[in-house]
Amino acid sequence: MIINGEDRQSVWYDASGDDVFIIDQTCLPHEFRILSLVDLESACVAIKSMQVRGAPLIGVTAAYGIYLALRKNPDSLDVACHSLAATRPTAVNLQWALKRCQDQLKPVPPDQRAEVALEVAQIMEREDVAICEAIGEHGADLMEQLWQQKCHSQDRLNILTHCNAGALATVDWGTALSVVYKTLQRDVPVHVWVNETRPRNQGAALTCWELGQASVPHTLIVDNAGGHLMQQGQVDVCVVGSDRTALNGDVCNKIGTYLKALAAYDNAIPFYVALPLSSIDFTLEAGLNQISIEERGGTEVTEVSGLMPDGLPGQVRTAPIGVSTLNPGFDVTPARLVSALVTERGVVRASKESISALQD
Ligand code: MRU
């Protein structure tokens, strides 16, 4: 992604200083800050505090976390995997990445493990970029077809997205937003409706910032506006990401995704989920009531973060003191509401038959 004229990734390794760097996403959109991850603990903090977030990026950062742990202590593979696995529960990419690291590192003698761990993390980093680009191209095929049907009666293709499934949620390109970027490259006049995505506002803070950096036309809407826009014919298609997709095609993604899928279904609007195969939990038959849904703190519900009148970041309380809260971070959209899954291997139905066929 191009940020202020420079080509950047959300995580990268710099061999000159043996450094792992991330973009601190808790500071966006107000400040662009780069952080160095120095050890296992800082990698765990980065994932848990959401300095890095988004399923694919969590996976790659965890792989670098393993490298940082082994660089310090070659015998710490199991401890490192355990600590990283405990950071966030829902995105399956974390477990996927840790299993891949363990499978590749266990046979390696401890004194060589750090070197191999770095190679594994770098391979995963490069693969993620290629996978996201492929997802974008497959999704752009769908968007182009849709545009062919719509271009005679309207001047833009309106895509609605939820949360941030962009370059910031992956190493680069994103999943849902890769579809947007690749569609624009084909000269389709795309416009994106961005759900703010309470409580943490990843849509407002991250997706709007990222689309702005890429000069993609977009409009921020409150989470409750999507259904109305769909009824008004102002949404042509929904494209979202996924944190964990079950074998039957149920999709677990940021809280609020389900309600958008219901509204899309009611208005006969295609609802696509863009995801890498690493976001599919092939061990899970169905998603409903089977996925550990992250429960987050109540202050995310009772307060809103932003810039204060003095220009410094701060929190504003919107609810009465002492109010009781509940803050589930994700929900499950049943497969019947999903038009198709857009993967690096192509567009497939959200069904057990199609998803099983993707497994190596
Ligand atoms: O809590 P977050 O910000 O990590 O949630 C991110 C999402 O829900 C994304 O939609 C999902 O990880 C897909 S990212 C390509």
Side-chain angles (χ1 to χ4, degrees), residues 1 9-11 22-26 28 46-62 87-97 128-129 131-136 139 160-181 192 194-210 223 238-245 251-261 271-281 287 291-297 300 305 327-333 338 341-344:
M1 73 189 120
Q9 295 187 162
S10 301
V11 65
I22 58 163
I23 297 169
D24 182 350
Q25 299 189 27
T26 58
L28 291 174
I47 297 171
K48 203 171 174 51
S49 69
M50 297 177 67
Q51 289 168 331
V52 290
R53 28 67 53 201
L57 181 59
I58 291 171
V60 176
T61 306
T87 52
R88 293 193 74 189
T90 304
V92 75
N93 306 64
L94 178 59
Q95 290 162 25
W96 169 87
D128 188 72
V129 178
I131 286 168
C132 287
E133 279 212 72
I135 290 170
L160 181 137
T161 194
H162 192 65
C163 194
N164 174 264
L168 287 168
T170 61
V171 176
D172 203 353
W173 289 98
T175 56
L177 294 191
S178 181
V179 174
V180 168
Y181 299 135
V192 184
V194 182
N195 290 336
E196 61 179 347
T197 319
R198 278 283 286 149
R200 288 186 66 91
N201 287 318
Q202 288 96 327
L206 304 177
T207 298
C208 288
W209 182 81
E210 183 180 325
D223 290 324
C238 301
V239 188
V240 302
S242 168
D243 284 82
R244 190 184 294 241
T245 291
V251 170
C252 182
N253 190 50
K254 179 54 55 194
I255 192 83
T257 304
Y258 169 51
L259 288 177
K260 295 300 165 289
F271 191 91
Y272 294 117
V273 180
L275 74 163
L277 296 194
S278 56
S279 296
I280 298 176
D281 187 341
I291 297 173
S292 168
I293 302 287
E294 179 174 14
E295 264 207 34
R296 304 191 53 84
E300 288 185 356
S305 310
N327 188 14
F330 299 88
D331 61 24
V332 175
T333 298
V338 176
L341 304 176
V342 185
T343 77
E344 65 270 37

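Each ligand, and each atom within it, is numbered from 1 in the order the structure gives.
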task: Determine the sole option in Thr170, Val171, Ile23 for which the side-chain contact (heavy atoms from CB on, under 4.5 Å) test with Met1 is passed.
output: Ile23
query: Within a strict 4.5 Å, meaning less than it, do heavy atoms of the Ile135 and Pro276 side chains meet?
result: yes
message: Can you confirm whether Gln95 sits close enough to Arg244 that some side-chain heavy atom of one is under 4.5 Å from a side-chain heavy atom of the other?
response: yes
Need the list: ligand 1 N/O atoms against protein N/O atoms, distance under 3.5 Å, rounded to one decimal.
from, atom 1, to, atom 2, distance (Å)
ligand 1, 1 (O), Arg88, NH2, 2.8
ligand 1, 1 (O), Lys254, NZ, 2.8
ligand 1, 3 (O), Arg53, NE, 2.9
ligand 1, 3 (O), Arg53, NH2, 3.2
ligand 1, 3 (O), Gln202, NE2, 2.9
ligand 1, 4 (O), Gly54, N, 2.9
ligand 1, 4 (O), Arg88, NH1, 2.8
ligand 1, 8 (O), Asp243, OD1, 2.8
ligand 1, 8 (O), Asn253, OD1, 3.2
ligand 1, 8 (O), Lys254, N, 3.4
ligand 1, 10 (O), Asn253, OD1, 2.7
ligand 1, 12 (O), Ala55, N, 2.9
ligand 1, 12 (O), Asp243, OD1, 3.1
ligand 1, 12 (O), Asp243, OD2, 3.0

- prompt: Do the non-hydrogen side-chain atoms of Asn195 and Leu160 ever get within less than 4.5 Å of each other?
  reply: yes
query: Mind checking what makes salt bridge (Lys or Arg N to Asp or Glu O under 4.0 Å) contact with Arg200, not counting sequence neighbours?
result: Glu300
- request: Salt-bridge test for Glu196 and Arg198: reply yes if a basic N is under 4.0 Å from a carboxylate O, no otherwise.
  value: no
